Amino acid sequence: MPTLIKQPKVLFESGIRRIGERIKLLTSFVQRIVTRLLEKTAERIGLRKSEKKSSSLLRRRNQTDAEWENEVQAFIKEHSKRLKDMPPDPRRSYPATSKSWDIKPFGRAIEIPYSDNFTAEEYARLKRGLIPEAMEEKWFIYFEDHELHFHRGWTGQGIFRVELQEEESGDASVKRALFATDEAVSDMVHLVELLRFLVGNLLLDRRLPFPRSMSSSEPAPGVIQHSFSGTGYPEKTLDKK
């Protein structure tokens with residue numbers, strides 16, 4: 001399984017500004033808490049500050065717990081508002097394109113017998129693609145030149161390509177599908193159903209069960225599905241053909 005180091009830089013760059021804001025605001029908040037704790041400590045052991053700092057301590061001493069809680073809530077509210085007001089990352093705007101993610105070229109591939117039909121509404125949704133927003137989202141998908149391109153989110157490696165043919169009605173169908181590999185595929189039925197699962201669930205919300213091969217084994221239920229797609233749909237074991 002890929003390590004976190006192999007994730008595309010864009011996964012971190014898209015949130016670096018928010019992280020910076022969080023650090024600044026959290027530092028300020030911690031400083032205020034530490035100041036309050038120090039003043040409380042000084043009060044207990046009977047220390048006396050300078051006249052200038054004594055007035056500040058007096059104001060803190062007269063501040064009730066409810067007022068302190070209100071101050072904390074106001075700080076959190078201001079922090080949340082500033083994060084919401086930050087402009088979105090332009091690379092995460094839809095529809096997804098080849099520029100929306102760090103990807104690798106699609107290598108040698110074989111044709112696989114995947115077929116499907118889509119309504120005009122579904123075809124429009126397919127063309128939007130999918131841009132990962134969290135590490136659990138394993139796939140980056142974009143539409144270009146009548147083809148859907150499927151790349152692994154962490155490595156950017158191209159895995160599937162699906163060429164679509166649009167009808168006059170606006171509906172579409174699969175013209176051909178490719179799988180990137182240099183080796184022979186031992187279980188073509190399973191491979192086709194995996195692609196069907198990606199198209200149907202990640203792009204169209206068809207809620208298809210995750211296809212499991214009879215020959216596969218996993219340490220716990222759902223591990224293979226999570227590694228493949230980051231999802232938790234019900235699963236079905238394919239009949240051996």
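Predicted model only: the values in this text are computed from it and were never measured.
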Say you draw a straight line from OG of Ser229 to CG of Leu194; how long is it, rounded to the nearest 0.5 Å?
9.0 Å
Is any side-chain heavy atom of Val185 closer than 4.5 Å to one of Ile112?
no
Quick check: closest heavy atoms across Glu133 and Glu137, and the distance to 0.1 Å?
N-OE1, 2.7 Å
Report yes or no: does Trp139 contribute a side-chain atom to a donor-acceptor pair with the main-chain N or O of Leu202 at less than 3.5 Å?
no
Report the residues that fulfil side chain to side chain contact (heavy atoms under 4.5 Å, CB included) with Glu136, sequence neighbours left out, ordered by chain and then residue number.
Ala134, His226
Side-chain donor/acceptor of Arg152 to backbone N/O of Phe228, under 3.5 Å:
yes
Not counting sequence neighbours, which residues clear ring pair (Phe, Tyr, Trp, His ring centres under 6.0 Å) with Phe150? List them please.
none
Spacing of Thr155 atom OG1 and Ile103 atom CD1 [to the nearest 0.5 Å]:
11.0 Å
Sorted by chain and residue number, the ring pair (Phe, Tyr, Trp, His ring centres under 6.0 Å) partners of Tyr114 (sequence neighbours excluded) come out as none
Not counting sequence neighbours, which residues clear side chain to side chain contact (heavy atoms under 4.5 Å, CB included) with Ile224? List them please.
Phe210, Ser216, Glu218
Verify the cluster assignment for Val223 and Leu238: are they in a single hydrophobic cluster under the rule of side-chain heavy atoms below 4.5 Å apart?
no
Hey, can you tell me if Phe160 and Phe179 have their rings parallel, tilted or perpendicular (30° and 60° cut-offs)?
tilted
Not counting sequence neighbours, which residues clear salt bridge (charged side-chain N to carboxylate O under 4.0 Å, His left out) with Lys236? List them please.
none
Could you work out, with ring pair (Phe, Tyr, Trp, His ring centres under 6.0 Å) as the rule, every residue matching His190, not counting sequence neighbours?
none
Report the residues that fulfil salt bridge (charged side-chain N to carboxylate O under 4.0 Å, His left out) with Glu147, sequence neighbours left out, ordered by chain and then residue number.
Arg161
Which pair of non-hydrogen atoms, one from Ala96 and one from Phe140, has the smallest distance, and what is that distance?
CB-CE1, 4.0 Å
With a 4.5 Å limit on heavy-atom distance, are the side chains of Ile159 and Gln157 in contact?
yes
Could you tell me which residues satisfy side-chain hydrogen bond (donor to acceptor under 3.5 Å, both in side chains) with Asn117, sequence neighbours excluded, listed by chain and number?
none
For a quick test of reading the model, state the closest non-hydrogen atom pair linking Asp205 to Arg125 and the distance between them.
CB-NH2, 3.8 Å
NE2-OG distance between His151 and Ser98, expressed to the nearest 0.5 angstrom
8.5 Å
For Gln165, all residues meeting side-chain hydrogen bond (donor to acceptor under 3.5 Å, both in side chains), sequence neighbours excluded
none
Rounded to the nearest 0.5 Å, what separates atom CD1 in Ile110 from atom CD in Glu183?
10.0 Å
Show the nearest heavy-atom pair for residues Ala120 and Asp171, with the distance to one decimal.
N-OD1, 2.9 Å
Of the non-hydrogen atoms in Glu167 and Ser173, which two are nearest, and what is the gap between them?
OE2-OG, 3.7 Å
Would you check if Tyr94 and Leu130 make a side-chain contact, meaning some heavy-atom pair closer than 4.5 Å?
yes
Output all residues satisfying salt bridge (charged side-chain N to carboxylate O under 4.0 Å, His left out) with Asp182, sequence neighbours left out; order by chain, then residue number.
Arg108
Are Thr231 and Gln225 linked by a side-chain donor-acceptor pair shorter than 3.5 Å?
yes
Tell me if the CD atom of Glu121 is crowded by more than 12 foreign heavy atoms within 6.0 Å.
no
Determine the minimum heavy-atom distance between Gly153 and Trp101, stating which atoms define it.
O-NE1, 3.0 Å
Pairing residues for Ala109 by the side chain to side chain contact (heavy atoms under 4.5 Å, CB included) criterion, not counting sequence neighbours
Phe106, Leu178
Counting C-beta onward and ignoring hydrogens, is there a side-chain heavy-atom pair between Glu163 and Val174 closer than 4.5 Å?
no
Using modelled atom types only, decide if a donor and an acceptor are shared between the side chain of Arg128 and the backbone of Tyr142 within a distance under 3.5 Å.
no
Pick out which of Ile141, Val162, Leu203 makes a side chain to side chain contact (heavy atoms under 4.5 Å, CB included) with Leu126.
Leu203
Under the salt bridge (charged side-chain N to carboxylate O under 4.0 Å, His left out) test, which residues partner Arg206, sequence neighbours left out?
Asp116, Glu122
Backbone of Val189 reached by a side-chain donor or acceptor of Glu193 within 3.5 Å:
no
